[in-house]
J.: 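Sharing a structure, written as C-alpha cells. Questions coming.
It should be emphasised that the depicted structure is a prediction, and the values quoted were computed from it without experimental measurement. Read the numbers this way: they start at 1 and go in the same order the structure lists the ligands and their atoms. All heavy atoms count here, side chains included; hydrogens, waters and symmetry mates do not.
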Amino acid sequence: MLDGKTKIGIDRIGVYVPDRALPLTDLAAARAVPAEKLLHGLGVHHMAVAPVYEDSVTLAANAAVRALAMAGDCGRTDPGEIGLLIVATESAVDHAKPVSIFVHELLGLAASCRAYEIKHACYGGTAALMTATEWIASGVARGRKALVVASDIAKYPPHSAGEPTQGAGAVAMVVAESPGLLALDVGASGVHAANVYDFWRPLDRSQALVDGKYSLDCYLAALAGAFAEYRRRALAELVALGDGELLTDHLAAILYHTPFPRMAWKAHRALVEDDWRTRADRAARFAAEGEAIARRSYAEKVEPSLWAAQAVGNTYTASLYLCLAALLERGADRLVGRRLGMFSYGSGSCAEFYSGVVAPGAQHLAREIGLAAMLERRRNVTVAEYERHHATASLRAEPAPERPPRDFAGPFFYRGTDDDRRAYAHV
Ligand code: COA
C-alpha cells in the first residue's frame, strides 16, 4: 500500500471527437419537431456523427495518443510507463475480442501491460478510473501508470425519442501518482447500485433500447443515493463544515454524467435541494426561493463544464470526462487547489459521486487539451449523410468503408473487415 499522503489521480487527459457533426436545427426540421425542443428542452445544438471509418477502437486510440502526447513541463508519457490499460465502452466491436487489445497495439504499449475492456453502460469509464486509481494505491503498480479510455458511439433508432440524444467521442486519462490535473479523494466516494431496466442493448442489436422518462427517474434516484453516501464520507474524511455552511459550498464545480445538457440542470436542481434540506435553518429559505438558488448555483458550478456536451451530444462512458476536459480547458486557472464534485451514472444501474482537487500547474497542461479547436474544425453533415453513416456503421462485417478525407486528424481509422477480422491503419 502507498502511504495515505501520496496523491493519485488524473495526470493527463486527451479528448477525441469525430470531425463530422449534425446541426440539431436540421434534425428538428427533418423530424418536424420544434427546434426549441432540442436546443433548449434538451440543451444540445450539434451532435457528433461517427463516420463509417471510425468506431470505438479508433475513437479510443485517437483520444489516447492525445493524452500520451500532453507534455506540460514534465514531458510526454512514455507508452512503456503504462502498466494497465482499461477501455470502457458500451459500443464494443466484438463479443469476445476487446477494444482494448486493438488500442494496445495501435499505441505500441508493452506486452507486459495488462489490457482489458469493461462495460457497465455509461458508468464504465468511472469503474475503470476507480480500478486504475486503486491499483496504484495498492502499491502493485510499482511506479507504473494506468491508461483509462472511455469511448462510445451513442446510437438510438432514427425517428425515436432518443435520436437527438446521440453523439460520439472518447476521453483518455493517464492515471498516476502526483497527478498533473486532478488528485482524487481516494476512497471518499458514494456508490449507488440497483437493478433497473432503464436503458439496455440486447446482444443481437446495434442500437440501444431505452425507457427514456424512467431513465431520468433512475438517474435522479441514483444521484440521491450516491450523494448521501458521499456526504457521509466527505464529512468524516475531507471537509469540516463551518457555521451555516453546506457541503456544496466546498465544491467549486459539480460535473454530471450528461446524456443531454438539460439533464445536468435536473440533476443539479435535485442535488442543491438535497443539500439545503440537510440544514433546518436553510430549508425554509429553499422552500421560498429554491428555483432561484438552484439557478445561481447551476450557473456558477455546472454551466462552465457543459459547452462541449452541447456541441457533441451524448458520449455515454466518456460524457462525464468530456465535461471535465471542457471545464479544465476554459477554467483551470481559477480552479487550481479547489475541489470538484463528479457524478457518474450508468443505466442498469451503478452510480458514483466522488471528488478531486485540481492540481497545481493544471492550468498549463489544460492549455494542451485542444477541445475547442477540435470542435471548430468539424464539418457539418446533412440529415441524409447522417442517416447514411448511421445505417452503414453497423457492428457486423461491413463492406470495406471509405477512407478518411485528406484533412482527417485521427490519426487512426478503421479499414474494414476481412475474413471476419477488423483492420485498422494510421493515416
Ligand atoms: N420548446 C422548448 N422546450 C420544449 C419544447 C419546445 N417547443 N417542447 C418540449 N420541450 C421540452 C420539454 O418540456 C422537456 O423539458 P423538461 O423535461 O425540462 O420538461 C424537454 O423539452 C424534452 O421533451 P420531452 O417531451 O420530455 O421529450 P421526449 O419525449 O422526446 O424525450 C428523452 C426526451 C430525454 C426522454 C429522450 O430523448 C430519450 O429517451 N433519450 C435517451 C435516454 C436518456 O438520455 N436518458 C438519460 C438518463 S441516462
J.: Identify the residue among Leu106, Leu107, Ile101 that makes a side chain to side chain contact (heavy atoms under 4.5 Å, CB included) with Val103.
T.: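 Exactly one pass, corresponding to Leu107.
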J.: Which protein N or O atoms sit under 3.5 Å from any N or O of ligand 1? Give each pair with its distance.
T.:
| unit_1 | atom_1 | unit_2 | atom_2 | d |
| --- | --- | --- | --- | --- |
| ligand 1 | 17 (O) | Lys266 | NZ | 2.5 |
| ligand 1 | 18 (O) | Arg262 | NE | 3.3 |
| ligand 1 | 18 (O) | Arg262 | NH2 | 3.4 |
| ligand 1 | 18 (O) | Lys266 | NZ | 3.1 |
| ligand 1 | 26 (O) | Lys213 | NZ | 3.3 |
| ligand 1 | 27 (O) | Lys37 | NZ | 3.3 |
| ligand 1 | 29 (O) | Lys213 | NZ | 3.2 |
| ligand 1 | 30 (O) | Lys37 | NZ | 2.8 |
| ligand 1 | 37 (O) | Ala161 | O | 2.8 |
| ligand 1 | 40 (N) | Thr165 | OG1 | 3.2 |
| ligand 1 | 45 (N) | Ser215 | OG | 2.8 |

J.: Is any NZ, NE, NH1 or NH2 atom of the basic residue among Glu273 and Arg277 found under 4.0 Å from an Asp or Glu carboxylate oxygen of the other?
T.: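 A salt bridge is present here (some side-chain N lies under 4.0 Å from a carboxylate O).
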J.: Please, which pairs that meet side-chain hydrogen bond (donor to acceptor under 3.5 Å, both in side chains) have at least one residue in residues 218-235, sequence neighbours excluded?
T.: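 The answer is Glu229-Arg232, Glu229-Arg233, Tyr230-Ser355, Arg231-Asp275.
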J.: With no hydrogens and no angle check, just 3.5 Å: does a side-chain donor-acceptor pair link Tyr345 and Asp198?
T.: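 Side-chain D/A pair, Tyr345 to Asp198: present.
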J.: Sequence neighbours left out, what passes salt bridge (charged side-chain N to carboxylate O under 4.0 Å, His left out) with Arg421? Give chain and number order.
T.: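 Applying salt bridge (charged side-chain N to carboxylate O under 4.0 Å, His left out) to Arg421 gives Asp419.
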J.: Name all pairs fulfilling the ring-ring contact (aromatic ring centres under 6.0 Å, His included) condition that reach into residues 293-314, sequence neighbours left out, sorted by first residue then second.
T.: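 Only Trp265-Tyr298 qualify under ring-ring contact (aromatic ring centres under 6.0 Å, His included).
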